[in-house]
Amino acid sequence: MGGRNAFVEAYTRLFQHFGGQGWWPGETPIEIVVGAILTQNTNWENVRKAIVNLKDAGVLDFYSLLELPAEVLAEYVRPSGYYNIKTRRLKNLLAMIRDRYDGNLDGLLADQTAMARENLLSVQGIGPETADSILLYAGGHPVFVIDAYTHRIFSRHGLVAEESDYDSIQEEFEGRLPRDAALYNEFHALIVMAGKHFCKKTTPLCDRCPLRGLNGMAGDTP
DNA sequence: GTCCAGTTTG
DNA sequence: CAAACGGGAC
């Protein structure tokens with residue numbers, strides 16, 4: 001087992017099993033930012049329908065979204081679920097960019113990582129995972145995105161404590177891995193794949209999981 | 001009926 | 001710590 005570093009080992013195994021994921025599946029920064037909010041606790045396929053609605057309506061750009069009446073925007077994003085609250089969250093983010101970056105999304109993404117993250121987290125409806133997804137996938141900042149899959153997979157393998165919070169898990173990952181945005185990008189996407197296909201919340205498929213035995217435990221499974 | 005690339009509020 | 005937000009797919 002090339003296992004001095006189980007985090008690197010996990011990445012290697014997942015990449016070999018699933019291959020490169022090529023995230024984020026959005027073409028422009030605004031599309032990635034919108035997708036990051038719409039995908040909160042929601043299946044990506046439903047988010048994709050909402051993005052298609054916005055594209056078809058020709059409003060997937062900063063000022064169109066900013067000026068669009070909330071009730072209209074809500075109809076477009078409806079397929080992604082939580083559509084009223086997500087509409088509000090999108091509007092909150094757009095207003096922050098308008099106020100602090102003169103309406104320039106690229107300005108936010110080009111800001112220093114710590115400052116951009118702080119500004120994102122100040123928006124009601126943007127928590128650490130959404131903020132870091134935007135920083136990493138739209139801005140190319142080297143921040144590791146932690147999600148429910150990350151917590152579940154790595155705690156099941158005894159590599160992070162069950163009770164660890166977002167920031168401490170993130171510190172663990174960033175401390176164990178090279179500070180490389182391309183690596184973080186691919187690794188998080190692979191973790192999502194592992195969570196979907198093997199490390200399910202109920203009835204995990206441990207016997208066939210590419211991560212079985214990752215930490216030298218009796219199978220690393222609960 | 002269950003689950004989903006979460007976050008806020010009670 | 002629990003409830004709320006919610007449509008779509010299986």
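The basis for the numbers below is simple: all heavy atoms, side chains too, and nothing from hydrogens, waters or symmetry mates. Letters A, B, ... mirror the listed sequences (proteins, then strands); counts begin at 1.
A:Leu90 places its CG atom 14 Å from the P atom of B:dT8, with the value rounded to the nearest Å.
Using a 4.5 Å cut-off on side-chain heavy atoms (C-beta onward), A:Tyr76 and A:Val59 make contact.
Applying the side-chain hydrogen bond (donor to acceptor under 3.5 Å, both in side chains) rule to A:His141 yields the partners A:Thr113; only residues at least two apart in sequence or on another chain are considered. For A:Asn104, the side-chain hydrogen bond (donor to acceptor under 3.5 Å, both in side chains) criterion is met by no residue, not counting sequence neighbours. The salt bridge (charged side-chain N to carboxylate O under 4.0 Å, His left out) check on A:Glu75 picks up A:Arg78, with sequence neighbours excluded. For A:Ile85, the side-chain contact (heavy atoms from CB on, under 4.5 Å) partners at least two apart in sequence or on another chain are A:Tyr82, A:Arg88, A:Arg89. By the ring pair (Phe, Tyr, Trp, His ring centres under 6.0 Å) test, A:Phe18 pairs with A:His197, sequence neighbours left out. Checked against side-chain hydrogen bond (donor to acceptor under 3.5 Å, both in side chains), A:Asp111 has the following partners two or more places apart in sequence or in another chain: A:Tyr101. Residues that satisfy the side-chain hydrogen bond (donor to acceptor under 3.5 Å, both in side chains) test with A:Ser64, not counting sequence neighbours, are A:Asp61.
Non-hydrogen atoms lying under 4.0 Å from DNA chain B are contributed by A:Val123, A:Gln124, A:Gly125, A:Ile126, A:Gly127, A:Pro128, all within residues 113-128 of chain A. Of the residues in residues 167-192 of chain A, none has a non-hydrogen atom less than 4.0 angstrom from any atom of DNA chain C. Only A:Arg78, A:Pro79, A:Ser80, A:Gly81, A:Tyr82, A:Tyr83, A:Asn84, A:Ile85, listed by number, bring a heavy atom of residues 77-86 of chain A to less than 4.0 angstrom from any atom of DNA chain C. Of the residues in residues 33-56 of chain A, A:Asn41, A:Thr42, A:Asn46, A:Lys49 come within less than 4.0 Å of DNA chain C through at least one heavy atom, sorted by number.
A donor-acceptor contact shorter than 3.5 Å links the side chain of A:Gln21 to the backbone of A:Gly19.
If A:Lys200 and A:Tyr166 are placed on DNA chain B by their nearest nucleotide, the residue sitting closer to the 5' end is A:Lys200.
A:Leu65 pairs with exactly one of A:Val33, A:Leu60, A:Leu90 by the side-chain contact (heavy atoms from CB on, under 4.5 Å) rule, that one being A:Leu60.
On the P atoms, C:dG6 is 15 Å away from B:dG10, given to the nearest whole Å. Rounded to whole Å, the C1' atom of B:dC4 lies 22 Å from the corresponding atom of C:dC1.
First and last contacting nucleotides of DNA chain C toward chain A (any atom under 4.0 angstrom from a heavy atom, 5' to 3' order): C:dC5 to C:dA9.
The two atoms that bring A:Leu14 and A:Ala194 nearest to each other are CD2-CB, 3.7 Å, heavy atoms only. For the pair A:Tyr137 and A:Ala189, the tightest heavy-atom approach, listed with the atom from each and the gap, is OH-N, 3.8 Å.
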